[in-house]
Every structure is written in C-alpha cells, then in structure tokens.
*Asks:* 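Structure in structure tokens, see below.
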Amino acid sequence: MVDSGSSDGTDELAAQYGAKVFRIPPAIFDHGETRNYAAEQSTGDLLLFTVHDAIPADPEVFYRMASLLLSEPKMAALSVRQVPRSDADLFACWQTAGHYEYVGGDTRLGEIDHPDELARMPPQEVRRLAGLDNVCSLHRRAAWEKIRFRRMGFAEDLDYGIRCLQNGYKIGFHMKTGVVHSHNRPARYHLSKYYTDKVTLLEIFSSRESSLKIWQQRGVDSASQLFSSVRNLYHAIVNFPLDYSLESAEQYDAVILLKQLSGYLAGYKANGSFSGEGDITLDEFFRAAEQIFPTDCANSRNGVGTLLIALLQGMPAFFENKRSLVTGAEFLTFAYKLYAMVAGSELGDYYGCHLQQGSVPEDLDRLHMFLRSGILR
Amino acid sequence: MKILYACHQFFPEYYTGTERYTLDLARQMQKMGHEAVVLTYVHRSADGLRPTPIDSILEKKFSYDSVPVIGWRHRFLPPRAEENLYFRLRDDAIKQAFFHLLDERGFDVVHCTHPMRVAPALEAAKERGLPVVLHLTDYWLVCPRATLLRPGNVLCEGPAKGKNCLKYCYREAWPDQILDRYHHALECLEMADTVISPSLFLIEVFKKAGVNTDNFIHHPHGFDYHRVTRHRKENRTNKVTFGFLGTLLPHKGVDLLLDAFRKVQSNNIELKIFGGYFYESAYYQKLLQLAEGDERIAFCGEYDFEEVGGIMDDLDVIVVPSLWYENAPLVISSAHAFGIPVIAANLGGMAEMVSDGAHVATFPAGDVAGLAKKIRSVATNPTVLQTLKKAIAPPPRIEGDALNMESLYAELRDKERTLF
C-alpha cells in the first residue's frame, strides 16, 4: 500500500493486516508516478490498482477480473464497473449513470487496427475504447513495464489506455462485476474537478473540439469577461425564486422543477443584486476569487448560461425514468453541483486553449493555480 | 431497465425485513440508473384511493424514500378479508390490474419479493413474456401461516401437500381450498424464471414440501451499510449488555430469554428489550411479570429501524431466541453489519447465519437452560465474546446485491427476448 499522508491510522491498520506500507509525502503524490512507484515495489505478474474508498461489490471481483484478463493474451489491462454507494446523492448517481451512457456500460474489449486510428476518432469513441478506470483496474505486468503511467495530475488511466491501444494491446471492461465507489462531494470540488478534467482532456485530445477562435466567436475576449459570466450565472441560481421548501421532506416533481429553473435562467438579467448566500462552498470560492477578478456585473452573452440551460433541458428523460420525485433541498444541491460542473468545464476549456497557444494571461494563470488547489487527491 | 417490485405490503403501513429489503434494493437500483417501482397492496387505509381501469380495483400512488409506490386495494374487500387476502394465491381482478400496469408502463422484469396478495403478478408477467424473479423470505407459499409453526408453537415438518395444514392448523376446514392452494403454490414457483432464497434451509424446506427447486438460487440479502456507524457510548458501564430486537410475540421466544437471563445470577450483565407487542398484550403482561424485580432488565419500547445504529452502540451481544424456523432475520444481518455477535436458537436460517463451526453462538431452540448457559459463559469469560466476534460473517452489501440482480435481470430479459 502506498500511503500519501493518512492521518487516521489507515497505514497502521493496513500494516497490522500484513500489508507492506510505503509512505510518501503528500506533496509528491501524482496519479501516474505514484502508481508506477507502487508497481515497482511489487513482484507479481498481475498488478491490481485500486483506491482507499473502493469496496468490492462482489467477493469474487478480483478473481473474475483475473480470469478475463488471462483469457485474452493481448489484453494489457481491464477495469470494472463503479457502483454508486447506497448513500450516493442525486448528482453522484447522475454522474455515474451519465458516464456509462457516454462511454458504454457493456462488457467489452477495446482494440484498434492501426495506431493512427485513435487520432481520427471522436473523443467519445476514444474514451469508450481506451477509457481504463484506475478506481479498480488489473494490469499485465509485462504491458505496464513497457507502457508505464506518465506523470499526470489527472486521467493517467485514460492516457495509459490510449498508449496501450496504440502499442497493439487491448483494453477490457468487465461491467458485470465492480466496486462500490462514489462521492458526495461539495459543489466547490466539482468546480475544480471538472476544470482539471477539461484541461487534461484537452491535452490528451489536442484541439479537436476547442480553440480560442471558438471562444472569440462566442464573444469572450478576456478571462475576466468569462469569469464575470460564470459568476453572474451563479448569482442567477442563488436568486432563483423557490416555490418549494428546502427544509421539508416533501417531494416534488423533478421535471417541473427543471423546467422552472431552465425557464428562469433563460430570462435572467444580471442586475447586480446578490444575496451571497447560495451554496456555502461556492460562496467561499467567489469571495476568495475576488482577489483575482474584482466583482463587476458586466454580463457578456457568451453561452455559459446557455450550456447549463441546455443541460437542464436535456435532463427530463433522466429524471422521469430514474428519480421522478425529489425534495427541494436535493434539487437545489443538484443544481449547484451541475452549475459547478459546467462552470469548471468552461473555465478549463478557456485555460486549455490558451495553454495550447503558448500564452496564458496572468489572471487566468492565477485562477488556474487556485482551481487546481481545490481538487482532492 | 424498468423493474417492477411486487411486495405483499410496504411502507409506511408495514416495515418488517421484507419491506426493508425491497425498499433498499429498489433505491439502489435507482441509484444505478434504473427505473424501480414498487407495487403493493394497501388494505389498512382507504385514504387517497382512486378508481383504476379495472373496476374492482382502487389505487393510490405515492413515493416512499424516493421510490415510487403504487398501492392497490379491492373496491370491496372480500368476505373475511384478512383471512382471505392472507391465504389465497389467485385473484382475477388483481391479475387484470397487473396486465394493465405491465402494458401501460413497459416493464422489463417483474421481481416479486413476497407473493401474498400480489401473486397474480407472476402469471400476468409470464403471459406478457416478461422475466419473473420470485424472492422467498418465509414459507408462506407452502405454509399458509408462513412460519411452519403449528398452534401451540409446535414446529411443523412441512405441508405434506396440504394434508398437515388441514390436520393441524385448519382442523379439516377448507379442504378443497387448502389442497388447491398447494397446487397453486407449485404453479407460482414454476412460473418464476428464478426463485431466490436467502437461506439454504428454506430451499431444503421447499424441496421436502415436494417443490422442484431446479430454478432456486441461494442469495443472502444485501444490507445497506450507510446506516452503519459505531460509536460506543462513553458513559457505558463495564457490564455486558445483551439485547433483544424484534416484535414481542410468543413465537419470538422472548419469555424464554427472560427465563434464561434470570437464571444467571450475575451483576455484570444487563438485558435491553426493544420492540412492540402489537395485539399480544397478554403476552406482554407475561413478559413484564417474568422481568419483575430484576433491575438488570429494561423494556425499551418500539424502535424505528433508522434508530438501529444508536441502539447497537449500546449493546454487546444480541440474542435471537425464536421458536420458529426464522429464515434470514434482519436483526442478525444488522447485528453482524455492526460487528455485534449474535446468540441464536439452533434452527433454520438463524443457525446458518451465526454458524461458527463450534456452536458457540447457538443453543437448542426452546431450551432455557441451554440459553442460560450461553449467557453465563459470556458473563464470566471475556474470551467467549471475542470468539463470537471473530465468527461474525458480515452480510453482503446492498450495492453488490443490486449488481448481481442487474446481471440476473439482464440475463433473463435477453433469454425471454429470444423466446418471443
């Protein structure tokens, strides 16, 4: 076990159960390099990577993974399904369901005929074929010795999967078994998480979908202008006039609430009034961010709100089929997290486009450092 | 996937282990991205019932803990409703209502977690070409009393195709109905693509009752661990606290526990009894008399399952002294999930769940002296408690259970699709 700074006795407990514990300072943790380090300490032909809070959903999960991996000599690695915890919140469930709808929730084998093939594929197909998941993955040592993880703050598994395919290996997905793993993270975490996700994916997929030119076409000429829009959109949600109680356990029709919120956002005009009491973690973020982008309510029409509205409008099918009734508090918490996802992704895209051009403005760079500090490891 | 869970009764009217499992499974399936609806029978309250396209059936729709629930009830309850609805397996009006529901909502699978009052779901689903999963949580299909316990709390060896039911429980009344019921039960069991039993014992009971168990699988109930936190109370004494959690009814053997506990003259033990007595006030009075004058015993009243964490924090050992073949009691899986050892009667599914290889955790059912001996050994020898703790086999997680169910449903659905 590689422990990067547990303070709750996890390392001692693991040692008591016979694990070899390798301690590293939290500051040097890296999703790619730390896994390489762990693999270097081991001797087996198969390498299983998992995380501290993933619990086998099936007592035979590792056996079933090994059986499948060993059945296909060209398979470099395979990962299994993540099952949301029984206390997963609405956003966590939506995320997991959405992820598998995007990349596929079927047991499959990702492979390509030619190394250049991936470069021509849409990102969704690349993730479907190569989107290894290190929350629980099993690797052939021989393949790892050749490919190894790269130093990456995020998505080291996808990067590894892509290079495996490019080197003639296959990647497996065993979706009939899995691990219990999900997080009820605060909205602020999702802001940073989706920011980092977007920056990393832009690095991996180059500029297949984004460029500064597109941002200019959207009417965004500066980081402060984009940030102002992101902040205004947050203010809009905070000012959303609720006709339901946040305290009550009473349940409301989720589809009606979605329509109300998207209709309200579509007609919202920033007027500078802001109570400052929305989601506590986002309130803190925006207060702290004033040091980089002083408050101003200039509203540019750049589509940040449109993206969120489009997401809300696309959701009735999900709610109708899965959770038709929600409490008021559940819905608002979901809305804040969804907002954080959109805002983080947009800011990440903007930063990533600047990075690709080789020049990042000073204020955007400061925001980058600030947002990266919010992601948990 | 669209899943219909059919359950004989449900929250908020009823809240025993079967309802709890149905709710936890439906919630988890929702969390995994599936549509899960519970269909139940509501016979206690007529509030909010509305007409349905089936003239003789009324319904109400509500949600419980985020799970959509449809409750049905006959417009006119049959004569001797309690007895009749508790007993019969066939009901044409309910079957027609199922046809309508299945056609309207397009479910992919029907999973019946208890067939009482909703058994026609099996036939309707089969006729519509849908996969059917049947869960057995007690013996009701082969024993109309559900417990395999004859009057006078005598254990029954099985229905003998209904002949034992007639002889011991129905005093030769309803001969045709009893014998027909047995055959209807066999038909129900055959209609299910898969019959799930949480205990091996139950499978054996059904086999002995003449049931073909080829489509049976053994699959222990998943437990929702989000309730599990363990914070020992700081103000606890050094005493060993024994607990009983359950309904205070004669077949639960609470009187036996009190008798046994009082036989152990030790000041370092105490007994806390949690649960309500429903209609059995005479039995409750008997229990109070048995405990009278013993300050080590406390009756703590009814409890809500959501409070179980707080209750477990205060207990060292749980005793399950039932006199019937309990199948997979929620109290044992809860205790084990919380890391609390259980001493149980050596009967049915209970014995399976607390099996420790050395029989430290079990005593002969109904044996007061045997139970007293177990209590005494825990009170006088601290290593016994440690031994019991080491033997705990925590129940599987509800998330893993749901993942298995998802695979099962998909497998059955794909099989049905090739047939139709």
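Each chain gets a letter, A, B and so on, in the order the sequences are listed, and its residues count up from 1.
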*Asks:* Answer yes when R81(A) and E399(B) have at least one side-chain N-carboxylate O distance shorter than 4.0 Å, and no when they do not.
*Replies:* no

*Asks:* Would you say that more than 12 heavy atoms from the other residues, nucleotides or ligands in this model lie under 6.0 Å from the OH of Y303(B), or not?
*Replies:* yes

*Asks:* Does NZ belonging to K259(A) count more than 12 external heavy atoms closer than 6.0 Å?
*Replies:* no

*Asks:* Nearest 0.5 angstrom please: D224(B) CG to R85(A) CZ, how far?
*Replies:* 10.0 Å

*Asks:* May I ask you to check whether over 12 heavy atoms, not counting those of L70(A), lie within 6.0 Å of atom CG?
*Replies:* yes

*Asks:* Measuring from atom CD of Q251(A) to atom OH of Y64(B), what distance do you get when rounded to the nearest 0.5 angstrom?
*Replies:* 11.0 Å

*Asks:* Looking at every non-hydrogen atom in both residues, tell me the closest pair between G33(B) and A97(A) and how far apart they are.
*Replies:* CA-CB, 4.4 Å

*Asks:* How long is the straight-line distance from CG of D401(B) back to CG of D58(A), given to the nearest 0.5 Å?
*Replies:* 11.5 Å

*Asks:* So does A88(A) get a backbone contact from the side chain of K31(B), meaning a donor-acceptor N/O pair under 3.5 Å?
*Replies:* yes

*Asks:* For the residue pair Q28(B) and S86(A), confirm or rule out a side-chain donor-acceptor distance under 3.5 Å.
*Replies:* no

*Asks:* For E411(B), look at atom CD and say whether over 12 heavy atoms of other residues, nucleotides or ligands are found less than 6.0 Å away.
*Replies:* no

*Asks:* If you take all heavy atoms of L403(B) and A57(A), which pair is closest and at what distance?
*Replies:* CD2-CB, 4.0 Å

*Asks:* M29(B), M32(B), R227(B): which one forms the most heavy-atom pairs within less than 4.5 Å of chain A?
*Replies:* M32(B)

*Asks:* Checking I55(A) against chain B: side chain, backbone, both or neither under 4.5 Å from a heavy atom?
*Replies:* side chain

